[in-house]
Amino acid sequence: MAENRPLLILRLEGAMQSWGESSKWDIRNTAIMPTKSGVIGLLACALGLPRGDERINALYDALRVAVRADLQGSRMVDYHTVTGEPLRNAEGKPRSTGNTFISHREYWQDASFLVVIEAEYGLLEQLKQALLHPKWCLYLGRKSCVPSRPVFETLTYAYISSLDAIQRYPAAPRAQYPMLYECESASPQAAVLTRPDGKPAAGTRRFVRRQVWRSTVKEEVHVSDEN
């Protein structure tokens, strides 16, 4: 019989969430569920790690992340106009189109995502304590998206792997079936996808291709009284 792995489980819920994946310029979209880089950013805030800290990159490599959409919520597009004197482009030069531009930003409203993190117990315990006593404010993808409940759910040995937990962990209230999930553990019943993800490196951010397995939880699982 396989030995159970230590797993850190988070519940991400809020009025709005936004998990950028392939945003360009004035269009700021959101991925269908939290990205690994977004989850790492949340943990880095809890730990108090500044942007560019090499420990963030080490955290990205050390953690295996799985995400399940218990309640996908509804997509919202927020319309912005931004004015400045002067507005500058990505090269730092004044924009040739003037000092006002339009931006469209996507959010998920009323969503509930389960995040399962697999790593060594000592690191997971450190992350647990940081989430219970965060150094900086936590947010769900963007700083305007604050959680509506504590992010930390549990640190457990009850499952064989992150894939096992993502398939069997109790669902949130009002969960919608089938529940879509993605994991970094191979699953014979799942489709293999290659996703873009932002990985921190030496004070910058570079996009890498990350392989994930995507499938759904079709059968209803017990709703936790703790959620």
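Index from 1, following the sequence. In this text the structure is predicted, and so the values were computed from the model without any measurement. The analysis underlying the following values was restricted to heavy atoms, covering all of them including side chains, and did not include hydrogens, waters or symmetry mates.
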Go through the structure and list residues passing salt bridge (Lys or Arg N to Asp or Glu O under 4.0 Å) with Glu184, not counting sequence neighbours.
Lys36, Arg210
For the residue pair Val212 and Cys183, establish whether any side-chain heavy-atom pair is separated by less than 4.5 Å.
no
Does the side chain of Trp19 come within less than 4.5 Å of Leu140's, by heavy atoms?
yes
Side chains of residues 123-137: which donor-acceptor partners sit under 3.5 Å, not counting sequence neighbours?
from	atom 1	to	atom 2	distance (Å)
Glu125	OE1	Tyr121	OH	3.2
Glu125	OE2	Gln129	NE2	2.8

At their closest point, which heavy atom of Gln17 faces which heavy atom of Ala111, and how far apart are they?
NE2-O, 3.3 Å
So how far is it from Arg51 CZ to Cys45 SG, rounded to the nearest 0.5 Å?
9.0 Å
Looking at CD1 of Ile160 and CG of Asn4, how far apart are the two atoms once the value is rounded to the nearest 0.5 Å?
6.0 Å
Is it possible for you to say whether Ile117 and Tyr157 belong to one hydrophobic cluster, with membership spreading through side-chain heavy-atom contacts below 4.5 Å?
yes
So Tyr159 and Gln167, do their side chains get closer than 4.5 Å, heavy atoms only?
no
Checking Leu42 against Leu12 for the side chain to side chain contact (heavy atoms under 4.5 Å, CB included) test, could you report, in this order, the C-alpha distance in whole Å, the side-chain angles of both residues, the deciding distance, and whether it holds?
CA-CA 10 Å; Leu42 185 151; Leu12 306 184; 4.1 Å; yes
Taking Leu49's backbone N and O only, do any of them form a donor-acceptor pair with Asp53's side chain (distance below 3.5 Å, no angle check)?
no
Report the residues that fulfil salt bridge (Lys or Arg N to Asp or Glu O under 4.0 Å) with Arg64, sequence neighbours left out, ordered by chain and then residue number.
none
Could you check whether any side-chain heavy atom of Arg105 comes within less than 4.5 Å of a side-chain heavy atom of Arg142, counting everything from C-beta outward?
yes
Return the minimal non-hydrogen interatomic distance between Leu7 and Ser161, and the atom names on each side.
CD1-O, 3.4 Å
Would you say that Glu120 contacts Arg5 through its side chain, given a criterion of any heavy-atom pair below 4.5 Å between the two side chains?
yes
Hydrophobic cluster mates of Val192, side-chain heavy atoms under 4.5 angstrom, ILVMFWY only, any path?
Trp213
Which atom names give the shortest non-hydrogen contact between Pro178 and Thr216, and what distance separates them?
CB-CB, 3.7 Å
Please test Leu10 against Leu114 for side chain to side chain contact (heavy atoms under 4.5 Å, CB included), starting from the C-alpha separation and ending with a verdict.
CA-CA 6 Å; Leu10 315 180; Leu114 184 76; over 6 Å; no
In one Ile/Leu/Val/Met/Phe/Trp/Tyr side-chain cluster, 4.5 Å: Ile32, Val115:
yes
With distance as the sole criterion, is a donor-acceptor pair present between the side chains of Glu118 and Ser162 under 3.5 Å?
yes
Residues in salt bridge (Lys or Arg N to Asp or Glu O under 4.0 Å) contact with Asp78, at least two apart in sequence or another chain:
none
Can you find a heavy atom in the side chain of Tyr181 that is under 4.5 Å from one in the side chain of Leu163?
yes
Might you point out which heavy atoms bring Gly38 and Thr35 nearest each other, and give the distance in Å?
N-OG1, 3.0 Å
Assess whether side chain to side chain contact (heavy atoms under 4.5 Å, CB included) is satisfied between Ile9 and Thr156, documenting all intermediate values.
CA-CA 8 Å; Ile9 298 181; Thr156 179; 3.9 Å; yes
With side chain to side chain contact (heavy atoms under 4.5 Å, CB included) as the test, pick out the partner of Leu63 among Leu8, Leu43, Val39.
Leu43
Salt bridge (charged side-chain N to carboxylate O under 4.0 Å, His left out) between Asp70 and Arg174, intermediate numbers included
CA-CA 8 Å; Asp70 288 19; Arg174 301 183 295 125; over 6 Å; no
Do the side chains of Leu47 and Tyr139 join up, straight or via other hydrophobic residues, at under 4.5 Å, putting them in one cluster?
no
Heavy-atom pair of closest approach, residues Ser215 and Ala190:
CB-CB, 3.8 Å
Given Phe113, which of Gln72, Arg68, Met179, Glu13 fulfils the side chain to side chain contact (heavy atoms under 4.5 Å, CB included) condition?
Gln72
Under 4.5 Å side-chain heavy-atom separation, chaining through any Ile, Leu, Val, Met, Phe, Trp or Tyr, what else clusters with Met76? Say none if it is isolated.
Met16, Tyr107
Please tell me whether Leu71 and Leu180 are part of a single hydrophobic cluster in this structure, the criterion being side-chain heavy atoms less than 4.5 Å apart.
no
Testing the 3.5 Å rule here: is there a donor-acceptor pair between the side chains of Glu153 and Tyr169?
yes
